[in-house]
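Values below: every heavy atom of this structure, side chains too, minus hydrogens, waters and symmetry copies.
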Amino acid sequence: MSPGDEPDRTTVVHLLRHGEVHNPEGILYGRLPHYHLTESGQKMADRLADTLAERDVTHMVSSPLERAQETAAPIGRRLGREVTTDRRVVEAGNRFEGRAFGVGDGALRRPASWWYLRNPWRPSWGEPYRQVVERMLAAMADARDAARGHEALVVSHQLPIWITRSAVEGLPFLHDPRRRTCTLCSLTSFTYVDDEVVSVSYSEPAADLLPLRGRNAPFSAGA
């Protein structure tokens with residue numbers, strides 16, 4: 001085999017956060033069913049379909065939650081790709097799911113909730129960060145293998161995407177949720193050479209469609 005015949009060793013796995021979700025109560029909906037994209041969220045998904053139309057995406061994966069599936073659907077149609085559901089890229093589990101959650105209101109006003117906040121490193125209120133990273137990296141490795149030499153798209157949620165990026169870049173898990181660089185319909189892209197991540201990049205193709213209140217909502221009520 002001549003050098004020109006060797007398969008490309010570079011593969012890109014994009015982690016896409018879903019679009020805006022209809023959530024008038026402002027609760028942390030987590031893994032709850034029946035939370036769908038708003039009209040603006042659908043426009044965000046369409047924007048991503050346009051953005052990715054010229055990319056070499058050969059494999060698509062989505063979280064099973066409706067908001068991720070609805071974000072993936074127009075992209076899959078535009079690219080002519082089947083969207084595979086993978087539970088490993090689902091939202092992180094959270095004990096405050098289904099409640100309003102914020103400083104000075106909702107769940108944080110109740111002393112019974114304070115016990116769950118005792119260890120922000122783990123975190124004590126939900127699925128351990130290391131567990132989230134392990135399942136996300138495993139799903140990304142499978143997506144990388146399926147798209148070897150091309151690009152893969154994985155539609156997931158803010159916390160799993162951010163905490164996985166933090167792990168890859170050697171950043172601490174302890175963080176302020178309001179400072180996550182992972183807006184609605186943003187792309188966090190991992191470039192692999194063979195099986196190793198060599199770089200991480202970030203882009204916001206739908207930045208002009210973002211609601212001001214939702215750029216980095218604390219604890220991701222719109223996760």
For the CG atom of L153 and the CG atom of L52, what is their distance to the nearest 0.5 Å?
6.0 Å
Inspect the surroundings of NE2 in H36 and state if more than 12 heavy atoms from other residues, nucleotides or ligands are less than 6.0 Å away.
yes
Classify the side-chain pair T11/E151 by whether it contains a donor and acceptor separated by less than 3.5 Å.
no
Among residues at least two apart in sequence or on other chains, which ones pass ring pair (Phe, Tyr, Trp, His ring centres under 6.0 Å) with Y35?
Y29
Should V12 and L137 be counted in the same cluster of Ile, Leu, Val, Met, Phe, Trp and Tyr side chains packed under 4.5 Å apart?
no
R78 side chain reached by L48 side chain, heavy atoms, under 4.5 Å:
no
Between atom CE of M60 and atom CD1 of I75, what is the distance when rounded to the nearest 0.5 Å?
5.0 Å
Using a 6.0 Å cut-off, check whether atom CD of E82 has over 12 heavy atoms from anything other than its own residue.
no
Distance check, rounded to the nearest 0.5 Å: T188 atom OG1 versus E169 atom CD?
9.0 Å
Minimal non-hydrogen separation, G19 against T71, with atom names
N-OG1, 3.1 Å
Under 4.5 Å between side-chain heavy atoms, hopping through other hydrophobics if needed: is there a path connecting V197 to L16?
no
Atom pair NE2 (H14) and OG1 (T51), whose distance is rounded to the nearest 0.5 Å:
11.0 Å
Do the side chain of R165 and the main chain of V200 share a donor and acceptor less than 3.5 angstrom apart?
no
Are D145 and R148 within salt-bridge range, i.e. N to O under 4.0 Å?
yes
pair L174-Y129: side-chain heavy atoms closer than 4.5 Å:
no
For T183 and Y202, test the side chains for any donor-to-acceptor distance below 3.5 angstrom and give the result as yes or no.
yes
Given side chains that start at C-beta, do those of V89 and M140 come closer than 4.5 Å, heavy atoms only?
no
Of all heavy-atom pairs linking R87 and P64, the shortest is NH1-CG, 3.5 Å
Could you tell me which non-hydrogen atom of L37 sits nearest to which non-hydrogen atom of R67, and how far apart they are?
CD2-O, 3.7 Å
Taking all heavy atoms of D194 and all of R144, pick out the closest pair and write down the distance.
O-CD, 3.7 Å
Shared hydrophobic cluster for L65 and I27 (ILVMFWY, side-chain gaps under 4.5 Å):
no
Please list, chain by chain and in numerical order, all residues satisfying side-chain hydrogen bond (donor to acceptor under 3.5 Å, both in side chains) with H150, sequence neighbours excluded.
D56
Looking just at side-chain N and O atoms, do T38 and E20 make a donor-acceptor pair shorter than 3.5 Å?
yes
Between the main-chain N or O of P205 and the side-chain N or O of R47, is there a donor-acceptor pair closer than 3.5 Å?
yes
OG/S189 to CG/L15 distance, rounded to the nearest 0.5 angstrom?
7.5 Å
Taking the side chain from R17 and the backbone from C182, do they hold a donor-acceptor pair closer than 3.5 Å?
yes
Joint hydrophobic cluster, V168 plus M136, side-chain heavy atoms closer than 4.5 Å:
yes
Does a side-chain N-to-carboxylate-O contact under 4.0 Å join R31 and E91?
no
For A45 versus C185, what's the shortest heavy-atom pair and its separation?
N-SG, 4.1 Å
For D50, does its backbone N or O pair with a side-chain atom of D46 as donor and acceptor, under 3.5 Å?
no
For the pair R135 and E127, find out whether any cationic side-chain nitrogen is under 4.0 Å from an anionic carboxylate oxygen.
yes
Hey, are H59 and R81 close enough side-chain-wise for a donor-acceptor pair under 3.5 Å?
no
If we only count heavy atoms from C-beta on, is the L187 to E204 side-chain gap below 4.5 Å?
no
So how far is it from D86 CG to D142 CG, rounded to the nearest 0.5 Å?
7.5 Å
For the hydrophobic clusters of this structure (ILVMFWY residues joined by side-chain heavy atoms under 4.5 Å, transitively), does one cluster hold both V132 and V61?
yes
Report yes or no: do S63 and H157 form a side-chain donor-acceptor pair below 3.5 Å?
yes
Which heavy atom of A152 sits nearest to which heavy atom of A147, and what is that distance?
CB-CB, 3.8 Å
Candidate pair V198 and Y192, rule side chain to side chain contact (heavy atoms under 4.5 Å, CB included), full reasoning
CA-CA 6 Å; V198 296; Y192 292 80; over 6 Å; no
